[in-house]
Amino acid sequence: MEVIIQPDLRSGAALGACIMERLIRTKPNAVLGLATGSTPVALYCELIRMHREGGLDFSQVTTFNLDEYVGLAAKHPASYHHFMNENLFSHVNVRRDRIHIPDGTAKDIPAFCQEYEAAISRAGGMDLQLLGIGHDGHIGFNEPSSSLASRTRIKTLTENTVAANQRFFSSPQEVPQHVITMGVGTIMEARTCMLLAFGEGKAEAVAAMVEGPITAMCPASVLQLHPQAVLIIDEAAAGLLKRADYYRRVYANKPSFQQFSSFTLG
Ligand code: PGA
């Protein structure tokens, strides 16, 4: 796992966007796994700026989102469909027929999940999966105790995650208890995984992911087994890492051919 510590969210998001830009410019038909939540918003702003000012072209890009709430229609303001439209898709030239987000209103959820996996395979698999991390170490909505080999499926959220998500809904009763999420095994098949985490509140989860044991109790820890996982965090999120100085040293002394890493090239 490559751990890149940036001074703050702004520089971390800018670096993440540069990595995605490089991938899209190198491989215009890249397949991107995308994430929602507060973490990737600044990165998406940067991609929009690159599209507007630098001509970054999304016309051949295919996207697959990690997750969606069960029971929420695409137009619901708290749905991840809505989030992605607001924060990225409506501002860049990605083709609607190349956007994939789990359908929270699917009648037959297991069949839908199977088809979502099949669509990822047909697209050739994800070149890069963007990830955030939950306070409990979840990736996607794979809560602690999720199988590290899991595939896209329905999950029941923990009470803490439901509480954390309440801020996006007008009342606690409205917050869905279930989601459709890519599995840990699905995420692990992306050729590159790029996880972003900012703020002191994420420090414990980051330390468990990077320096703790690989365990289903911290699903993000499985990224230790991923051949090309890059973690971009700010100083606050790095606060509990025992080997932070070493990660800084590795990044500062990267041979020039490794700058920006080969990890975007799949
Ligand atoms: P956040 O959520 O980006 O809103 O902190 C991350 C997550 O729960 O995966």
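Residue numbers run from 1 in the order of the sequence given. We count ligands from 1, going down the list as the structure has it; atoms in each ligand are counted the same way. For clarity, every value in this text was computed on a predicted model and none was experimentally measured.
Around atom CD of Glu235, more than 12 heavy atoms belonging to other residues, nucleotides or ligands sit under 6.0 Å away. Heavy atoms of other residues, nucleotides or ligands lying less than 6.0 angstrom from CD of Gln224 number more than 12.
Listed here is the closest heavy atom pair of Gly33 and Met126: N-CG, 3.6 Å.
Counting the atoms of ligand 1 from 1 in the order shown, those under 4.0 Å from a heavy atom of Gly37 are 3 (O), 4 (O).
Among protein heavy atoms, the minimum distance from atom 3 (O) of ligand 1 is reached at Thr39 OG1, 2.5 Å. Among all protein heavy atoms, the one lying closest to atom 9 (O) of ligand 1 is His138 NE2, 3.4 Å.
By the 4.0 Å heavy-atom criterion, Lys202 is counted among the residues contacting ligand 1. By the 4.0 Å heavy-atom criterion, Arg167 is counted among the residues contacting ligand 1.
The distance criterion of under 3.5 Å between nitrogen or oxygen atoms is not met by Thr36 with respect to ligand 1.
In Ile133, the part holding a heavy atom less than 4.0 Å from any atom of ligand 1 is the backbone.
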Please walk me through it: do Tyr69 and Phe169 pass ring-ring contact (aromatic ring centres under 6.0 Å, His included)? CA-CA 12 Å; Tyr69 291 110; Phe169 293 83; 5.5 Å; yes
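Between Glu21 and Arg49 there is no salt bridge, since no side-chain nitrogen of the basic residue lies less than 4.0 Å from a carboxylate oxygen of the acidic one. With salt bridges taken as basic N to acidic carboxylate O contacts below 4.0 Å, none links Arg122 and Glu117.
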